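Here is the naming used below: chain letters follow the sequence lines, and residue numbers restart at 1 for every chain. Because the structure is predicted, anything quoted here is derived from the model rather than measured.
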Amino acid sequence: DPNMKAGATSEGVLANFFNSLLSKKTGSP
Amino acid sequence: PELTVLGKAQEFFQICDLEDKGFVTRQDMQRLHPELPLSLEELEKVFVTLDADGNGSLTPKEFITGFSQFLLEQIAL
């Protein structure tokens with residue numbers, strides 16, 4: 001199922017995105 | 001804890017929605033490129049993943065849903 005595959009990849013990117021936002025927030029004064 | 005999650009999601013939504021339009025577009029997402037360690041392609045993927053109804057704009061609700069899913073995955077890990 002190509003949708004399943006796309007979903008799995010997107011989840012990793014989503015995690016990366018939110019992790020970056022989290023560190024951006026905590027990283028700034 | 002639910003309030004904290006909502007608050008965080010809203011904070012992040014506002015980072016993306018700089019003009020306070022009440023929704024986030026693809027262009028808003030691409031504007032984060034210099035600030036976040038993600039490529040334009042990855043930001044596009046994030047947008048498509050969050051845009052559950054595929055209408056080309058992210059509502060706070062879609063954003064919060066995506067963020068909750070991310071948190072649940074983190075907890076599961």
Side-chain angles (χ1 to χ4, degrees), chain A, chain B residues 1-18 24-54 56 58-77:
Chain A
D1 185 355
N3 287 332
M4 288 275 285
K5 226 180 239 177
T9 325
S10 308
E11 271 166 35
V13 175
L14 207 61
N16 203 355
F17 172 70
F18 282 119
N19 275 321
S20 305
L21 281 176
L22 281 169
S23 55
K24 178 179 154 68
K25 263 288 158 192
T26 49
S28 60
Chain B
E2 278 176 29
L3 279 177
T4 317
V5 171
L6 274 178
K8 272 277 166 230
Q10 269 163 4
E11 244 179 71
F12 293 158
F13 185 81
Q14 275 157 9
I15 292 176
C16 303
D17 182 18
L18 284 177
V24 171
T25 63
R26 274 193 160 76
Q27 284 74 27
D28 293 329
M29 212 60 149
Q30 305 277 311
R31 260 196 317 213
L32 294 171
H33 175 52
E35 297 181 49
L36 299 178
L38 278 89
S39 68
L40 289 174
E41 200 180 55
E42 285 168 329
L43 285 170
E44 168 70 14
K45 226 175 247 178
V46 170
F47 185 86
V48 171
T49 310
L50 290 175
D51 187 17
D53 59 6
L58 294 181
T59 60
K61 197 184 161 194
E62 284 170 331
F63 203 88
I64 289 163
T65 305
F67 185 58
S68 308
Q69 275 170 5
F70 157 73
L71 285 180
L72 286 173
E73 275 162 33
Q74 299 300 300
I75 293 165
L77 289 172

Fill in the blank from the handout: Between A/V13 and B/E42, the two heavy atoms sitting closest are CG1-O, 3.2 Å
Handout entry: Euclidean distance, A/L21 CG relative to B/K8 NZ, rounded to 0.5 Å
Key = 10.0 Å
Handout entry: Intermediate values then yes/no, side-chain contact (heavy atoms from CB on, under 4.5 Å), B/I15 and A/K24
Key = CA-CA 10 Å; B/I15 292 176; A/K24 178 179 154 68; 4.0 Å; yes
Practice task
Would you indicate whether the side-chain heavy atoms of B/F70 and A/N16 approach each other to under 4.5 Å?
Solution key: no
Handout entry: Contact listing (chain A partner; residues 32-41 of chain B; heavy atom under 4.5 Å)
Key = B/L32, B/E35, B/L36, B/P37, B/L38
Completion exercise
Among residues 59-68 of chain B, residues within the sub-4.5 Å heavy-atom range of chain A, in order of number, are B/F63, B/G66, B/F67
Handout entry: Heavy-atom side-chain proximity of B/E73 to A/F18 below 4.5 angstrom
Key = no
